[in-house]
Amino acid sequence: MLDLRLLREQPDAMRAALERRGEPVDIESILKLDAEVRDLMTRRDESRAEQKRISKEVPRLEGPQREEAVARSKQKGAEVTECEGKLKPLQAELQERLLELPNVPDPEVPDGESAEQNVELRRWGEPRKESWMKDHLALAESLDLIDVKHSARFAGSRTYILKGDLVLLELAVLRYALDFIASRGYVPHSPPVMVRREAMEGTGYLPVGADQSYELTRDDGWLVGTSEVPLTAIHAGETLKEEDLPLRYAGISACWRREAGTHGKDTHGVYRVHQFTKVEQVVIGRNDRDETLKLHEEIVRNAEHVLQALKLPYRVVSLSTGDLGRQPAYTYDIETWMPGRGVYGETHSASRYYDFQTRRLNLRYKQGSQKPQFCHTLNNTVIASPRILVALLENYQREDGTVAVPDVLVPLVGKEVLG
RNA sequence: GGAGAGGUGCCGGAGCGGUUGAACGGGCCGGUUUCGAAAACCGGUGUGGCCGCAAGGUCACCCAGGGUUCGAAUCCCUGCCUCUCCGCCA
C-alpha cells in the first residue's frame, strides 16, 4: 500500500511513476474520496466533541434542565450517526482503492513491456548443451524417477510424483539450502501454509491476484504461494525494536499456485506445477533505503552462493517494468541454465518492497522514544523444488543415461549416482 | 463436536455505566543523593486520524465488529484467540 500522504502531496509524480507499469492510474478519484472522508471526519469529530461536553453535564442537572441537556446531546448523537453512515462506505471504498494500487517501481527498474526487456546483469558458469542430452522428464522417466501420468489421473494437471533416488535428491538439496541459509544467520521457520485473508492481503497477494491462489471456501483460509506470506506476517501489527532489525528469517514450506492463465505454457515435466517446496529468505529491516539496497544484494548473493556450490550455470537479470510484479519496487531474477529447454529458466526471484507490505501489515519499529516507522521487507528464494531438480537432472546427466549427484549433496543423498 | 472460564497499557494486575487514557505494583527513561554503585526519593513513560507553521486543539483506541444508552473498558450480540473438562481422531 502506498502512503496516502505522498499521493496527496505529489499526485503527478506518483501517477507518472506508477504509469511506467503500463496501466493508466486514476489518482484523482482517490484524492476526491480522501477529501470527502476527511471532511466528514472533521464534522463527525466536532459533533461528538459537543455531545461529550453536554453529556458530562447531565449528572449535575435535574428536572427540565436535565431533560433539555439530554435532548441536545441526543441531537448531537444523531449528527454523529449521520456522518458515520456516510463515512463508512466511503472509507471502505478508499481502503479498497488503495489496496488495489501496485507499488511504485524504483527509478532503476528498466523500462519495458515484458520479460523481453529484462536486463542481464551477470552470468556465472559455462552452459552446456550436447546433442545426446535429454530433457528432465525424458531423463527422469527413463530412470523411473518421475511419474506424471499417474498423478494426472488422480490429482489433475501440473501435478507429479517424485520417486526413488529423486526423493532423496530433493530432500538433500532442500536440506543443503536450509543449512546454508541458517549458517548465514537466517533463522529457519516451518510455518503454516494455510493462512487468513489478512496475511494474504498484508503481503499484497490480495485483493488483486486472488485468482492465483487457492481459497478454502468452507473456512476462512488461503493456501500460500510462498512462505514469504506467513514469515512476513509473523509480526503484523507489532512495533519492533530498532536494535533487533534487520530480522533475517528462512522458511521451508509447501507452496501452492493455481497458475491461472498459464494453460498451455510450460506444460512439459515439472517446471511449472501447482504444488512445490521452497526454502525462502525473508528480511524485515529498517526504513533506510541504503541499508535495504545492501540487504537486497545480500539475499541475491546468498542464492548465487548455493547455485555456485551446486555448480549450476546461471545468470542474474533485472526485471523490466513490464515483468515486475505488483508488490515489489525492484526484482532480480536468477535464471538457471536448463539444457533440456536450451535456455536459462527462472529459479529465483529476489525483491525489495520498501514499506509497501508493512503499511498493509501495520508492521513498524521504533528506537527509544522516536516515532514508529514502517519496516522495509525483502525476500528471495534459496531453493525451490522441483524446479531446481529440472536444472540438476539436466545439467548432471551423463552420456550413459545416468545422473551424477553434485559433490556437495553426496553426503546428504548417500550416493554419487542416481538410477 | 459438547460444557465452562477468560482476553485491560512494556509486564503483572484493579476497575464492572458518568469527572478513567485508565488505580496499584514492577520495568524503562530523566533527576536528587553518592567517590562510584545499590537503596531511597522526585518527575516522566502509548498509538493513530483530523485541524494547525507551531504551541496546541479535537476525535478514536481497554481482542475485533455490531448493538443498548444522553453517556460504555464497564451492559447485550457475533466473531477470533487462550485456558480447563468431556467426546472424537491423527
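Chain A is the first sequence line, chain B the second, and so forth, proteins listed ahead of strands; every chain is numbered from 1.
- Residue-level contact check: A/R364 touches the backbone only, with heavy atoms under 4.0 Å from sugar-phosphate atoms and none from bases.
- Separating the C1' atom of B/U82 from that of B/G26 is a span of 24 Å, rounded to the nearest Å.
- The aromatic rings of A/H296 and A/Y332 sit tilted, their planes meeting at an angle between 30° and 60°.
- Across the interface with RNA chain B, nearest-nucleotide mapping of A/K88 and A/A69 shows A/K88 to be the residue nearer the 5′ end.
- For A/E82, the side-chain hydrogen bond (donor to acceptor under 3.5 Å, both in side chains) criterion is met by A/K86, not counting sequence neighbours.
- The base-pairing partner of B/C28, taking Watson-Crick or G-U wobble contacts with both distances under 3.5 Å, is B/G44.
- Contacts with RNA chain B (heavy atom under 4.0 Å) in residues 42-58 of chain A: A/T42, A/D45, A/R48, A/A49, A/Q51, A/K52, A/S55, A/V58, listed by number.
- The interatomic distance linking A/E198 (CD) with B/G79 (P) rounds to 16 Å, in whole Å.
- For the pair A/R218 CZ and B/G1 C1', the interatomic distance rounds to 14 Å; values are reported in whole Å.
- Sequence order on RNA chain B of the closest nucleotides to A/K371 and A/R66 puts A/R66 first from the 5' end.
- When the C1' atom is used for both B/U45 and B/C35, the distance is 31 Å, rounded to whole Å.
- For B/G17, there is no paired nucleotide, since no Watson-Crick or G-U wobble pair has both relevant distances below 3.5 Å.
- The side chain of A/R359 places no N or O atom within less than 4.0 Å of a non-bridging phosphate oxygen (OP1 or OP2) of B/G48.
- Distance CG (A/L61) to C1' (B/G71): 13 Å, rounded to an integer number of Å.
- The gap from the P atom of B/G79 to that of B/A22 amounts to 34 Å, rounded to the nearest Å.
- With both ends at atom C1', the span from B/G65 to B/A72 equals 16 Å, rounded to whole Å.
- Using a cut-off of 4.0 Å between Lys/Arg side-chain N and Asp/Glu carboxylate O, A/R43 and A/D39 are scored as salt-bridged.
- When both distances must be under 3.5 Å, the Watson-Crick or G-U wobble mate of B/G4 is B/C83.
- Remark: C1' of B/C50 and CG of A/D34 are 11 Å apart, rounded to the nearest angstrom.
- For the pair A/Q373 CD and B/U47 P, the interatomic distance rounds to 13 Å; values are reported in whole Å.
- A/M41 places its CE atom 9 Å from the P atom of B/C51, with the value rounded to the nearest Å.
- If you take atom C1' in B/G27 and the same atom in B/G12, they sit 10 Å apart, rounded to whole Å.
- With no hydrogens or angles considered, no side-chain donor-acceptor pair links A/S320 and A/Q117 at under 3.5 Å.
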Considering only distance and modelled atom types, tabulate donor-acceptor pairs under 3.5 Å from the side chains of residues 273-285 of chain A, sequence neighbours left out.
residue	atom	partner	partner atom	Å
A/H274	ND1	A/Y214	OH	3.1
A/H274	ND1	A/R257	O	2.7
A/H274	ND1	A/R258	O	3.4
A/K278	NZ	A/T226	OG1	2.7
A/K278	NZ	A/E280	OE1	2.8
A/Q281	OE1	A/N302	ND2	3.0
A/Q281	NE2	A/I299	O	3.0
A/Q281	NE2	A/T381	O	3.2

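- Whole-Å rounding puts the A/L94 CG to B/C50 P distance at 11 Å.
- A salt bridge between A/D3 and A/R8 is absent, with no side-chain N of the basic residue lying under 4.0 Å from a carboxylate O of the acidic one.
- At a threshold of 4.0 angstrom between heavy atoms, the contacts of A/K366 are confined to the sugar-phosphate backbone, with no base atom among them.
- Using Watson-Crick or G-U wobble geometry with both donor-acceptor distances under 3.5 Å, B/G56 finds its partner in B/C51.
- Applying the Watson-Crick and G-U wobble criteria (two distances, each under 3.5 Å), B/C62 pairs with nothing in any strand.
- By the 4.0 Å N-to-carboxylate-O rule, A/E141 lies close enough to A/K149 to be salt-bridged with it.
- B/G21 and B/C10 have their C1' atoms separated by 16 Å, with the value rounded to a whole Å.
- For A/R196, whose side chain is taken as the heavy atoms from C-beta onward, the closest listed nucleotide among B/C51, B/C81, B/G46 is B/C81.
- Within 4.0 Å (heavy atoms only), A/R197 reaches no atom of the nucleic acid at all.
- Side-chain contact of A/Y365 with A/R286: a donor-acceptor pair under 3.5 Å is absent, judged by distance alone.
- Look at the P atom in both B/A23 and B/U19: the space between them is 13 Å, to the nearest Å.
- The phosphate of B/U68 has neither OP1 nor OP2 within less than 4.0 Å of any side-chain N or O from A/K74.
- To the nearest angstrom, P of B/C10 lies 17 Å from NE2 of A/H235.
- The partner of B/G9 cannot be assigned: no Watson-Crick or G-U wobble pair with both contacts below 3.5 Å exists in any strand.
- With a 3.5 Å ceiling on both atom-pair distances, B/U34 lacks any Watson-Crick or G-U wobble partner.
- With ring centers used as reference points, A/H376 lies 6.0 Å or more from A/Y353.
- The same atom, P, is picked in B/C42 and in B/C24; the two are 12 Å apart, to the nearest Å.
- Under the 4.0 Å criterion applied to side-chain N and carboxylate O atoms, A/R44 and A/E84 are assigned as salt-bridge partners.
- Pairing for B/U74 is absent, with no Watson-Crick or G-U wobble pair whose two atom distances lie under 3.5 Å.
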